[in-house]
Amino acid sequence: MRPALCLVLAAAPAAAEPRFADRAGTLPVAHVYSGGWEHFVGGGVAVFDCDGDARPEILAAGGAGPMRLFRNRTPAPGAALDYTLGEFPAATGTTGVYPLDIDGDGWLDVAVLRVGPDLLLRGGPDCAFTDATEDWGLAPRDGWTTAFTATWEAGRDRPTLVFGHYVDRADPDGPFEACDSHDIYRPTGPGYGAAEVIEPGYCALSMLISDWRRQGEPELRVSNDRHYYVRGGYEQMYRLNPLRERVEDWPRVSLWGMGIASQDITGDGLPEVMMTSMGDQLLQINTGEGFVNAPYAIGTYAQRPHIGDDGRPATGWHVAFGDTDNDGRDDIFIAKGNVDQMPTNAIHDPNNLLWQEPDGSFREVSVAAGVATTDRARGAALADLDGDGRLDLVVVNRRAALELWQNVTDPAGNWAGIETVLPAPNTRAVGAWVELRAAGRVTAREVTVGGGHAGGTALPLHFGLGEATSAEARVIWPDGSVTDWLPVAVGRVTRIGKGGVVE
């Protein structure tokens, strides 16, 4: 087992600490995630390009209010972000949303999570979405859905979909110790058959399918909320086919699990995992055989507010890795916020931007970056919205307006984007690994669907390069085949298929 403190290879010195400009005032309407008890959780957001112009849209769950699609009209890379309100089918009680190409036609569809039956919406040209739930043979239950993940299993024409549920609202003895089970839908013919039930459930708030050992066997990680399972629950891992829980070698960690992010930050090609919670935010280092908790001194636990005088525990929700200054080292954003008026936890709970130092430790820079807001944050996304290579930020708040932040860090390092493409059915090559080599080191990224808190992105993989001016990449495809190392452009996105670079 490698030492947990040996976290990163040497990277280029940081050019500047991250800086963000508030662009929320440019949105056509203030979007709020609202509602009562059933919307204390959720509030996810999806960021993806639904019209093919390489400018990502924003689709935010609304809770008791409307779900909203914001169309990206930013005129040029580096120009001020500009969004207009798009048309989107009416959907009530929405908790989250994830983009993926379900039918393999090249247009991104969305899985909409709800308090009530979930929806699958077919995407088409010019961000046109239509309800395809019944057409695709999905018969979701009337549940309280708060987690989602998906992957393409070998030989299947459609993705395997996993919907994670929270409290069983029909249990008369609930809500405590009344966690619901989960549903996994595997494709049958042109659509989906009956759900395979995953139980016991421990009130899942995030799920992620990942080949975390990189042995060609994706597995399902489930993060659970001990507030409602109370006792007996833990963080779970499942082998997918046949479905069985990994219990023989999986330590039972219990936390108030709310979000998952996975990324290799140590340089060995294996993804670490960050899990948000009430109190400690838990970073675990991947040993290849399991995970070990990162030492407290690394600076990622973010267990209390870092500004103000409220010393009560913090509450973490969405979490995302991303190189916000393109220095070649991944940073961590954590959306924070009280459940509602929970007196045991901080009420004014600032979001975290944990900036990775050259020695692999992390330092809080959200105040300097301008993003240390204290509303009740839920879902979020780190994504390059204007195409300038700097990761921008979207944050959904409960009972407060959506935040839109443009990354204006100057100077920032160089960057490269990689988009993996395949013929149908798995057009975005979900399950692929991309390795990028620059300045004598290799950085690995996995193409996944799921994780975060109730929302995710479908975008090119982003690599900060520091001072490197050249790079090459290879792809390990879901079927195990591997491309040769290919030169990739610096300062723009390169599309790679099995035959090489796709123009």
Side-chain angles (χ1 to χ4, degrees), residues 24 27-51 56-73 83-103 105 107-148 150 161 163-166 169 183 185 191-192 378-381 394-404 453-458:
L27 293 171
V29 62
H31 177 81
V32 176
Y33 182 70
S34 63
W37 173 61
E38 290 169 325
H39 297 294
F40 283 6
V41 298
V45 60
V47 177
F48 61 109
D49 177 15
C50 61
D51 55 13
E57 275 65 48
I58 298 168
L59 178 58
M67 196 169 193
R68 287 194 174 99
L69 174 67
F70 295 97
R71 300 285 299 272
N72 194 336
R73 302 304 188 202
Y83 278 84
T84 62
L85 193 61
E87 294 183 3
F88 194 77
T92 60
T94 58
T95 58
V97 58
Y98 287 85
L100 71 166
D101 183 6
I102 295 173
D103 57 358
D105 67 354
W107 295 103
L108 283 165
D109 315 302
V110 291
V112 178
L113 316 186
R114 298 179 63 234
V115 179
D118 302 311
L119 301 172
L120 298 181
L121 303 185
R122 179 190 286 115
D126 198 33
C127 297
F129 290 92
T130 56
D131 188 350
T133 313
E134 185 176 348
D135 292 347
W136 288 340
L138 191 77
R141 69 167 98 169
D142 183 0
W144 182 357
T145 308
T146 48
F148 177 82
L161 310 175
F163 292 86
H165 301 110
Y166 200 44
R169 297 172 298 149
D183 295 328
Y185 295 91
Y192 290 92
R378 291 296 187 264
V394 182
V395 182
V396 175
N397 293 312
R398 170 171 162 74
R399 297 200 283 124
L402 180 145
E403 300 173 25
L404 180 63
H453 179 71
T457 63

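Of all non-hydrogen atoms in V110 and P99, the two that sit nearest each other are CG1-CA, 4.1 Å. Considering every non-hydrogen atom in both D105 and D103, the closest pair reads OD1-OD1, 3.0 Å. Here the closest non-hydrogen pair linking L119 and A91 is CD1-CB, 4.1 Å. Closest of all the heavy-atom pairs between A139 and Y185 is O-OH, 3.6 Å. Pairing each heavy atom of G35 with each of A64, the nearest pair is CA-CB, 3.6 Å. Summarising the geometry of A60 relative to H31, their closest heavy-atom pair is CB-NE2, 3.5 Å, with the distance given to 0.1 Å.
Here the straight-line distance linking atom CZ of R378 with atom OG1 of T95 works out to 12.5 Å at 0.5 Å rounding. With rounding to the nearest 0.5 Å, the separation of CG in L69 from SG in C50 is 5.0 Å. Atom-to-atom distance recorded for L161:CG and F163:CZ is 5.0 Å, nearest 0.5 angstrom. The OG1 atom of T133 lies 6.5 Å from the CG atom of L138; values are rounded to the nearest 0.5 Å. Distance check: Y166 OH to T145 OG1 gives 13.5 Å after rounding to the nearest 0.5 Å. The CH2 atom of W107 sits 8.0 Å away from the CG atom of D126 when rounded to the nearest 0.5 Å.
Under the 4.5 Å side-chain criterion, counting only non-hydrogen atoms from C-beta, Y83 is in contact with L404. Counting heavy atoms from C-beta outward, E57 and D49 have side chains that approach closer than 4.5 Å. When side chains are defined from C-beta on, P89 does not count as touching D131, because their heavy atoms never get closer than 4.5 Å. Annotation: side chain of F70 is not in contact with side chain of T84 (no heavy-atom distance under 4.5 Å).
Remark: side-chain polar atoms of Y98 are paired, donor with acceptor, to backbone N or O of A454 under 3.5 angstrom. The closest donor-acceptor contact from the side chain of T94 to the backbone of G62 lies under 3.5 Å. Listed for the Y33 side chain is no donor-acceptor partner under 3.5 Å among the backbone atoms of L402. Proximity of a side-chain donor or acceptor of D101 to a complementary backbone N or O of L108 within less than 3.5 Å is not detected. W144 places no side-chain N or O within donor-acceptor distance of the main-chain N or O of R169, the cut-off being under 3.5 Å. Under the 3.5 Å distance criterion, the side-chain polar atoms of R68 are left unmatched by any main-chain donor or acceptor of F88. At least one donor-acceptor pair under 3.5 Å links the side chain of D109 to the backbone N or O of I102. Checked by atom type and distance alone, the side chain of D51 never pairs as donor or acceptor with a backbone atom of C127 at under 3.5 Å. Not one N or O on the side chain of R114 forms a donor-acceptor pair closer than 3.5 Å with the backbone of D142.
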